[in-house]
Every structure is written in structure tokens, then in C-alpha cells.
Enquirer: 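Just dropping this structure here.
Below, chains carry the letters A, B, ... as their sequence lines are ordered, and counting in each starts from 1. Just so you know, these numbers use all the heavy atoms, side chains as well, and skip hydrogens, waters and symmetry mates.
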Number of protein chains: 4
Amino acid sequence: MRKNRPKYKQIIEAAVETIADNGYHASQVSKIAKKAGVADGTIYLYFKNKEDILVSVFEEKMGQFIEQIASSINDKQNADEKLRTLIEMHFLQLANDHHLAIVTQLELRQSNSALRMKINEVLKPYLVVIDDIIEEGTEEKIFRDDLNIPLVRQMIFGTLDEIVTNWVMKEQRYDLVKQTSDVHTLIINGLSVKEIVKED
Amino acid sequence: MRKNRPKYKQIIEAAVETIADNGYHASQVSKIAKKAGVADGTIYLYFKNKEDILVSVFEEKMGQFIEQIASSINDKQNADEKLRTLIEMHFLQLANDHHLAIVTQLELRQSNSALRMKINEVLKPYLVVIDDIIEEGTEEKIFRDDLNIPLVRQMIFGTLDEIVTNWVMKEQRYDLVKQTSDVHTLIINGLSVKEIVKED
Amino acid sequence: MRKNRPKYKQIIEAAVETIADNGYHASQVSKIAKKAGVADGTIYLYFKNKEDILVSVFEEKMGQFIEQIASSINDKQNADEKLRTLIEMHFLQLANDHHLAIVTQLELRQSNSALRMKINEVLKPYLVVIDDIIEEGTEEKIFRDDLNIPLVRQMIFGTLDEIVTNWVMKEQRYDLVKQTSDVHTLIINGLSVKEIVKED
Amino acid sequence: MRKNRPKYKQIIEAAVETIADNGYHASQVSKIAKKAGVADGTIYLYFKNKEDILVSVFEEKMGQFIEQIASSINDKQNADEKLRTLIEMHFLQLANDHHLAIVTQLELRQSNSALRMKINEVLKPYLVVIDDIIEEGTEEKIFRDDLNIPLVRQMIFGTLDEIVTNWVMKEQRYDLVKQTSDVHTLIINGLSVKEIVKED
DNA sequence: TATGAATGAGCATTCATTCAT
DNA sequence: AATGAATGAATGCTCATTCAT
């Protein structure tokens with residue numbers, strides 16, 4: 001299988017680096033090939049075309065990303081803990097791979113709609129993970145039972161995504177992972193003053 | 001001032017339509033010129049280059065967008081009402097202008113990072129409006145006083161943005177404005193079950 | 001009309017020269033543009049694509065070629081004279097334009113089938129001219145009345161074409177036009193010994 | 001000798017089929033190798049390069065073609081009969097091998113001039129056969145004694161070639177061999193009305 | 001102001017050929 | 001003898017921008 005051959009991974013890694021360093025539009029196939037240490041033509045033994053490289057980058061990296069999160073969540077006891085872990089792992093993984101963060105948050109968004117449709121497909125399993133947590137929380141009576149699940153999912157994903165994008169655009173100058181707790185609280189409790197409510 | 005000359009607005013409108021109809025990458029300067037009813041060269045009497053057209057589109061349209069929201073908020077009594085109004089107006093304006101929604105949520109994101117930085121500049125006044133609401137809510141003791149304001153702003157903006165993008169990608173098949181209340185509740189109260197707390 | 005603008009003809013001439021000098025496959029668009037003294041992009045203001053340049057070369061040159069022959073034939077008195085004139089003009093014109101001879105006899109034949117179909121279309125009027133002569137000769141009782149016209153036309157065209165091609169491949173080292181009379185006699189009388197018949 | 005090894009012939013046959021099915025330009029070496037059931041690299045154990053494959057195709061096929069004609073002619077009594085047989089065999093063989101007809105009349109002509117020079121070399125023995133018939137006819141006083149032999153040969157070959165090419169381009173929809181008699185008469189007697197001559 | 005013809009830099013992809021196994 | 005993965009040179013076309021009119 002082509003995906004197991006060493007050059008496949010070499011090219012994927014080279015693509016991430018090239019895009020992170022030069023930006024999406026300046027990442028010619030020849031540049032990726034050079035960084036991967038293969039000939040231009042070799043690229044086409046492993047990928048159908050340039051778009052296929054980019055989709056594969058996303059598939060490989062996001063596949064790991066999502067698996068990592070899914071497995072970290074597995075041994076958590078309740079939806080609240082799972083949500084906290086999801087946030088933390090989301091931040092942690094991108095904080096640990098600066099190249100990947102730049103590529104996913106900034107560069108790959110410049111792709112045309114066809115490519116972005118494919119990227120959305122790759123993201124679907126992540127959205128399912130989020131949906132499952134919401135449902136579990138509702139069953140555990142930790143979350144409200146009248147939640148509009150797609151909407152909640154969009155809130156969670158939109159929040160995390162925007163936070164990471166801001167962090168990347170601020171050139172990653174602060175600690176992303178440290179925000180986990182605040183973000184978790186915001187999503188769970190919202191802006192309102194709970195204590196006031198409790199004191200009723 | 002160039003912005004008051006009739007052709008300036010003609011070109012801006014032509015750009016929005018062209019991008020909405022053809023997509024970002026298929027919107028050549030010549031196509032925009034044709035739709036605006038001017039010669040290609042004329043474009044360059046009003047705009048420095050193609051990027052300048054796109055930034056100006058965003059400035060003009062977002063300027064109105066933000067003003068509209070800011071003025072709607074003005075006569076609301078408290079931060080909670082203001083936030084609800086902001087959400088509603090955000091949704092309402094994009095729901096009322098399909099072209100604009102496609103352009104801002106999908107097409108303009110395909111621009112390179114340099115252009116996106118400039119677009120972020122244009123968005124700043126909107127972010128200030130959000131920040132002000134958060135501060136006001138804190139002062140009114142409606143919101144918690146330990147809120148991390150940039151984080152909250154990112155949550156609010158990221159949530160709204162993601163919701164609108166999903167709606168555009170689902171081809172605007174459902175009523176966006178009807179989601180206002182749910183989104184407002186989510187942001188104010190989060191996912192947690194308040195009633196249990198109240199029943200203490 | 002684009003065909004009357006001076007650059008159109010410049011490019012056509014440059015294409016003929018370039019192909020004659022470098023051969024069909026080594027005639028890049030950029031080379032043609034350079035010889036025409038225009039930018040590469042200018043080519044595409046006058047021609048749809050590379051194939052369109054080549055078809056146009058053939059159309060222009062063959063158009064003149066055929067017209068020249070047709071008009072020379074006009075004032076000839078009978079089919080025999082017309083045939084002789086056709087042969088002479090066919091040879092004369094190619095003998096007078098070495099570049100054109102190389103291009104039509106050798107280089108343009110390397111084009112793919114799609115292009116050659118179009119080239120055949122351009123040749124059709126020439127074939128009609130030949131057919132008309134054959135019919136006229138039959139009516140004048142100069143030619144036999146049982147002639148298979150398409151076959152005769154193929155004989156005449158095939159003969160002339162093969163003779164010119166041989167001459168081009170022999171690097172045009174002998175006088176092509178001088179062959180007119182021999183060729184004419186061959187086509188009119190064939191190989192057989194007429195005198196024997198006459199002696200009856 | 002390489003030509004006797006079984007893979008040599010396999011590759012030749014695969015090349016003819018591939019070219020007939022896909023056209024000259026779409027007949028990559030890898031496609032020929034696949035159809036021949038050998039690895040790409042194996043081709044280069046039997047042929048110097050791609051051009052060598054094509055020349056060899058022509059050599060093999062034309063060798064048989066010419067031999068067939070030469071031997072059929074052998075037992076004919078006079079030049080007239082020999083010429084008729086040559087025409088008939090030329091048509092018959094191509095009519096019997098549609099693949100070969102397409103390859104020789106259309107596809108192989110798309111090769112560059114260098115290859116066509118080599119192909120012409122292969123054809124030389126055929127031209128000699130034609131020359132011999134002409135000379136014999138002259139000696140037998142069947143043909144005129146003032147014939148320009150190269151010219152006559154070009155007429156004969158050009159005529160046959162053009163007729164076959166037309167037949168292939170008309171998708172071989174009529175009976176080529178049935179034309180033998182007409183073509184023979186045309187070449188021997190030309191267009192002219194013999195009876196007029198006789199009346200002298 | 002306005003025009004629009006002209007410019008020319010930039011790049012994904014194919015495929016004949018090689019060579020380590 | 002045979003393989004087939006790897007190579008890398010080579011090119012048509014687009015489109016943002018300019019500038020003579």
C-alpha cells in the first residue's frame with residue numbers, strides 16, 4: 001500500500017513544512033519535492049495531483065489529531081471531563097506542532113471550495129466526537145436536555161478554532177494550553193454569574 | 001474623495017457580485033470591470049491593485065455591518081440585551097444579503113494571509129463592540145468579573161462565525177435568525193444545568 | 001476584425017518561419033512570439049490556442065494557394081489547359097516559398113488527427129477545383145466519360161503531393177516547375193504507348 | 001539474434017495494436033510494454049529507444065508487405081500485369097489488416113521528420129519494385145520509352161497512397177480492392193479519350 | 001478621466017529512459 | 001534476462017498591471 005512506503009510520509013512532511021514556511025500559494029510541487037528529497041515526478045507516483053497532496057496532508061495529520069483526542073477522552077469519567085480533555089488536547093497538539101498549526105489555521109483555508117469540501121469530510125469524525133460528548137452530558141444530566149446539538153457543536157468548534165487562529169496570528173506568543181480551563185468554564189457556564197444564581 | 005465618486009461604488013458592487021457568482025479564484029479584474037461597466041484600466045484609477053479592491057469590499061460592507069449592529073445596540077438597556085441584539089443583527093444582516101454572506105464566509109477566506117491580516121484590521125471595531133458589551137456586563141454584575149475578555153470575545157465571534165459559515169455551506173436552507181435565542185442562551189449560560197443549581 | 005490587424009499576419013508569418021526552421025515539435029509558442037516580436041500573451045489575443053495558430057497558418061496560406069490556382073485556371077480554354085495550369089501553379093507556388101513547402105509537406109503532417117481533420121477541411125475547396133476540371137474535361141469529350149471522379153481526384157492530388165514531398169525531402173535541389181509537362185502528360189496519357197494506337 | 005526472440009515480436013505486435021487503438025501520441029512506451037506483457041525496462045533490452053520500436057514496426061510490417069507484393073508479381077508475364085498485381089496486392093494487404101492500415105496511413109505520419117526519413121529508407125525496396133516494372137514495361141514497348149522513371153514512380157506511389165489514406169479516413173466503408181481496375185486503367189491510359197487518338 | 005491592447009512572469013504534469021536489484 | 005521505481009527536463013496558457021492614446 002502506497003501510504004506505508006517511506007516516501008509517502010516524506011512527501012507529506014515536506015508539504016507541511018513547505019506550506020508553513022512559504023505559504024499556500026508559494027508552495028509549488030517542485031519545492032515540496034526538493035524538500036522531500038525526491039524528484040518532481042516521484043510525487044506523482046504517490047499522489048494523483050497537487051490537490052491530492054494537500055488533502056492527504058490534512059487526512060494524515062487530522063486523522064492522528066482526532067485519534068489522539070478520541071483516545072484521550074476514552075478513559076474520562078463524564079462529559080465534563082471529556083470536554084475539558086478535548087479542549088486541552090486540541091490546544092496541546094497544535095501548540096506542539098507549530099508548522100501544523102500554521103498550515104491548518106491559515107494556509108489550508110486558502111484552498112478553493114472543492115478542496116475545502118474534502119477537508120470538511122476529514123473533519124467530520126471530529127464533529128462526531130463533539131456530538132457524542134454533548135449527548136453523553138445530556139444523558140448524565142450534567143448538560144441541559146434542551147440543547148440544540150448541531151448548534152452547540154458549532155459553538156464549541158468555532159470557539160476553539162477562533163482561539164487557535166488568534167494565537168497563530170499573534171505568532172504563538174502566549175501559552176495556548178493554559179487557556180484550557182477558562183475556555184472550559186466559558187463553555188460549561190457561559191458568561192453569567194453562577195454564584196448569584198446559586199444564592200437565590 | 002475617491003470613495004464618493006459613483007464608479008467607486010459601482011466597482012465595489014460589481015466585485016461582490018462577481019465573487020459571489022464565480023468564486024474568489026475565478027474573479028479576474030477584467031470580469032469585475034466588465035460587470036461594473038468600466039474598462040480594465042479604470043479600475044486602477046480607483047484602486048491600487050486587486051487586493052485593494054477586496055479589502056475595500058470588506059471595508060465598505062463590514063463598515064455598514066458593524067455600524068448597523070452598533071446603532072441597534074445603542075438603545076438597549078443592559079449587556080444581556082445588547083448581546084442578544086448583536087447576535088440577532090449579525091445573523092439578520094447576513095441572512096438578508098446572500099451575496100455578502102457567501103463572499104465573507106467562504107470566498108474572501110481564500111485570500112492569502114497578507115490580505116487576511118488587513119481584513120482583520122477592518123474587523124477590529126466589531127471586536128471592540130463585543131469587548132464593550134463584556135465589560136459592561138461585568139460592571140452590571142450580570143457577567144462574572146473574572147472573565148478573560150479576549151478569550152470571551154474570541155468565543156463569541158468564533159461561535160457566530162462558525163454558525164453562519166455552516167449555514168452558508170448548507171446553502172442557507174434553514175432560518176438563521178431563529179437561532180438567535182438558542183445561541184444567546186448558550187453564550188450566557190453555557191451547557192450546564194442551571195435549574196439544578198437554582199433548586200438548591 | 002482580428003485577421004486584419006497587423007499582428008495577426010506577423011504571427012502567422014512567424015509561425016511559418018519558426019516551424020520551417022525548427023520543425024513542428026520544437027516550435028514552442030514562446031519561440032513563435034519571439035520571432036513575431038510580440039509577447040507570449042499577445043499570441044492569445046489573436047489565437048485561441050496553439051492549435052488555432054497552426055490551423056490559421058494553413059487556412060491563410062492554403063487559402064491564397066488555392067485562390068491563386070483557381071484564378072489562374074479561370075481564363076484557360078479547356079480542361080487540358082486547366083489541368084496543366086493547376087499542376088504548374090501548384091509546383092510554382094511551393095517552389096517560390098521554400099518555408100511554406102517544408103511546413104505543408106513535412107511539418108504540419110506531424111499534427112494530431114484532430115488538427116489534420118481541420119486541415120483537410122481547408123483543402124476541400126482545392127479538391128473541388130480538381131473535380132470541376134475533371135467534369136469539364138468529360139463534358140468537352142477530352143476526358144473519358146467513365147471516369148471515377150473521386151478516384152481521379154485522388155490520383156491527381158496524390159501524384160502532385162508525392163512529387164512535391166520528394167522534392168522537399170531532396171532539399172529542393174532540382175527544378176520542380178520543369179516537371180510540369182511530364183506530369184501533365186502522365187496524368188493525361190498514362191504510361192501506355194499512344195503511338196502504337198495511332199498507327200492503327 | 002534479437003529479432004528471433006519471442007519478446008521481440010510480442011513487442012512489435014503490441015506496438016501496432018497500441019498505436020491503432022490509441023493513436024500515435026497516446027502510445028506511451030509503458031502502454032506498449034503493458035500490452036506486450038513485459039516490464040517497461042524490458043523494452044530497452046530489445047529496442048534502442050522509442051523511435052527504434054516504431055521504425056522496427058515499419059520494417060517488420062513493410063518487409064512482409066513488400067515481399068508479398070514482390071513474390072506475387074514474379075510470375076506475371078508483362079509489366080502491365082505486374083502493375084495491376086502490385087496495385088491489387090497493395091490494396092488487398094491493407095484492406096486485410098485494418099490495424100496496419102491505420103498505423104501506416106495515419107498514425108506513423110505524425111512522427112517527426114527524422115523518423116520519417118528512416119521510414120522512407122524502409123520503403124526503398126518497394127520503390128525499386130515499382131521502378132523495375134516501369135523499366136520492364138519500357139523494354140517490352142508497352143510503356144513509352146521517354147518516361148521519367150522517378151516521376152512515374154512518384155505518381156504511382158502517390159496515387160496508391162492517397163487512395164488508401166482516403167479510404168482509411170472514410171473509415172474503410174467501401175471496398176478498396178474493387179478499385180484496382182480503375183486505378184490500373186488510370187495509370188496506364190490516363191484521363192484522355194483514346195478513341196480520338198485512334199481516329200488520327 | 002477613461003480606455004483596452006499589450007505585457008511576461010510563473011507552474012503543474014507527463015513520460016522516455018535508467019539502473020539497482 | 002527481467003523488473004519497475006525513480007528520474008527530471010520541458011511547455012502552453014492565464015491574468016494582474018501598465019501606458020500610449
Enquirer: Between C:G37 and A:G41, name the one whose nearest nucleotide on DNA chain E is closer to the 5' end.
Expert: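 First, find each residue's nearest nucleotide; the 5'-ward one identifies C:G37.
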Enquirer: Is the A:F47 ring parallel, tilted or perpendicular to the A:Y8 ring (thresholds 30°, 60°)?
Expert: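 Rings of A:F47 and A:Y8: parallel, as their planes differ by under 30°.
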Enquirer: Please evaluate residues A:L108 and A:R116 with respect to the criterion side chain to side chain contact (heavy atoms under 4.5 Å, CB included), reporting the C-alpha separation (whole Å), side-chain torsions for both, the decisive distance (0.1 Å), and the verdict.
Expert: CA-CA 8 Å; A:L108 239 35; A:R116 270 181 311 151; over 6 Å; no
Enquirer: Within the structure, does a side-chain N or O atom of C:Y44 lie under 4.0 Å from either OP1 or OP2 of F:dC15?
Expert: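 Indeed not, no polar side-chain atom of C:Y44 lies that close.
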Enquirer: Closer than 3.5 angstrom, by distance alone: can the side chain of A:K50 be matched with the main-chain N or O of A:V29 as a donor-acceptor pair?
Expert: no
Enquirer: Using whole Å, what does the distance between atom P of nucleotide F:dG4 and atom NZ of D:K34 come to?
Expert: 11 Å
Enquirer: Could you check how far NZ of C:K50 sits from C1' of F:dA10, rounded to whole Å?
Expert: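 Rounded to whole Å, this separation is 12 Å.
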Enquirer: Between F:dT11 atom C1' and C:N49 atom CG, what is the distance in whole Å?
Expert: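 Spelled out: CG on C:N49 to C1' on F:dT11 is 14 Å.
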Enquirer: Which comes earlier along DNA chain F counting from the 5' end, the contact point of A:D40 or that of D:T42, where each point is its nearest nucleotide?
Expert: D:T42
Enquirer: What does the 5'-to-3' dot-bracket notation of DNA chain F look like when only Watson-Crick and G-U wobble pairs under 3.5 Å count, and pairs to other strands show as |?
Expert: .||||||||||||||||||||
Enquirer: Verify the distance criterion only: is there a donor paired with an acceptor across the side chains of D:Q110 and D:H25 at less than 3.5 Å?
Expert: yes
Enquirer: Using atom CD1 of A:I43 as one end and atom C1' of F:dT7 as the other, report the distance to the nearest whole Å.
Expert: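 Atom-to-atom, A:I43 to F:dT7, this comes out as 13 Å.
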Enquirer: For residues B:D161 and B:Q105, is any side-chain donor paired with an opposing acceptor at under 3.5 Å?
Expert: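 Checked: B:D161/B:Q105 side chains pair up, N/O donor to acceptor below 3.5 Å.
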Enquirer: Run the numbers on D:K34 and D:D40 for salt bridge (Lys or Arg N to Asp or Glu O under 4.0 Å), then give the verdict.
Expert: CA-CA 8 Å; D:K34 195 169 200 177; D:D40 293 13; over 6 Å; no
Enquirer: Could you check how far CG of C:N22 sits from C1' of F:dT11, rounded to whole Å?
Expert: 15 Å
Enquirer: Check the pair D:E59, D:K118 against salt bridge (Lys or Arg N to Asp or Glu O under 4.0 Å), reporting the backbone distance first and the verdict last.
Expert: CA-CA 10 Å; D:E59 272 173 8; D:K118 292 190 184 170; over 6 Å; no
Enquirer: Expressed in angstrom and rounded to an integer, what is the separation of B:Y24 atom OH from F:dC15 atom P?
Expert: 13 Å
Enquirer: Are B:E121 and B:K124 close enough for a salt bridge, meaning some N to O gap below 4.0 Å?
Expert: yes
Enquirer: Give the first and the last nucleotide of DNA chain E, reading 5' to 3', that has any atom under 4.0 Å from a heavy atom of chain A.
Expert: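 Using the under 4.0 Å cut-off, the span is E:dC11 to E:dT14.
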Enquirer: If you find the nucleotide of DNA chain E closest to A:S27 and the one closest to D:V29, which residue's nucleotide is nearer the 5' end?
Expert: A:S27
Enquirer: Between the side chain of C:T42 and the main-chain N/O of C:V38, is any donor-acceptor distance below 3.5 Å?
Expert: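 No, the answer is negative, given that no donor and acceptor are paired below the 3.5 Å cut-off.
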Enquirer: Rounding to an integer number of Å, can you tell me how far C:K31 NZ sits from F:dC13 C1'?
Expert: 18 Å
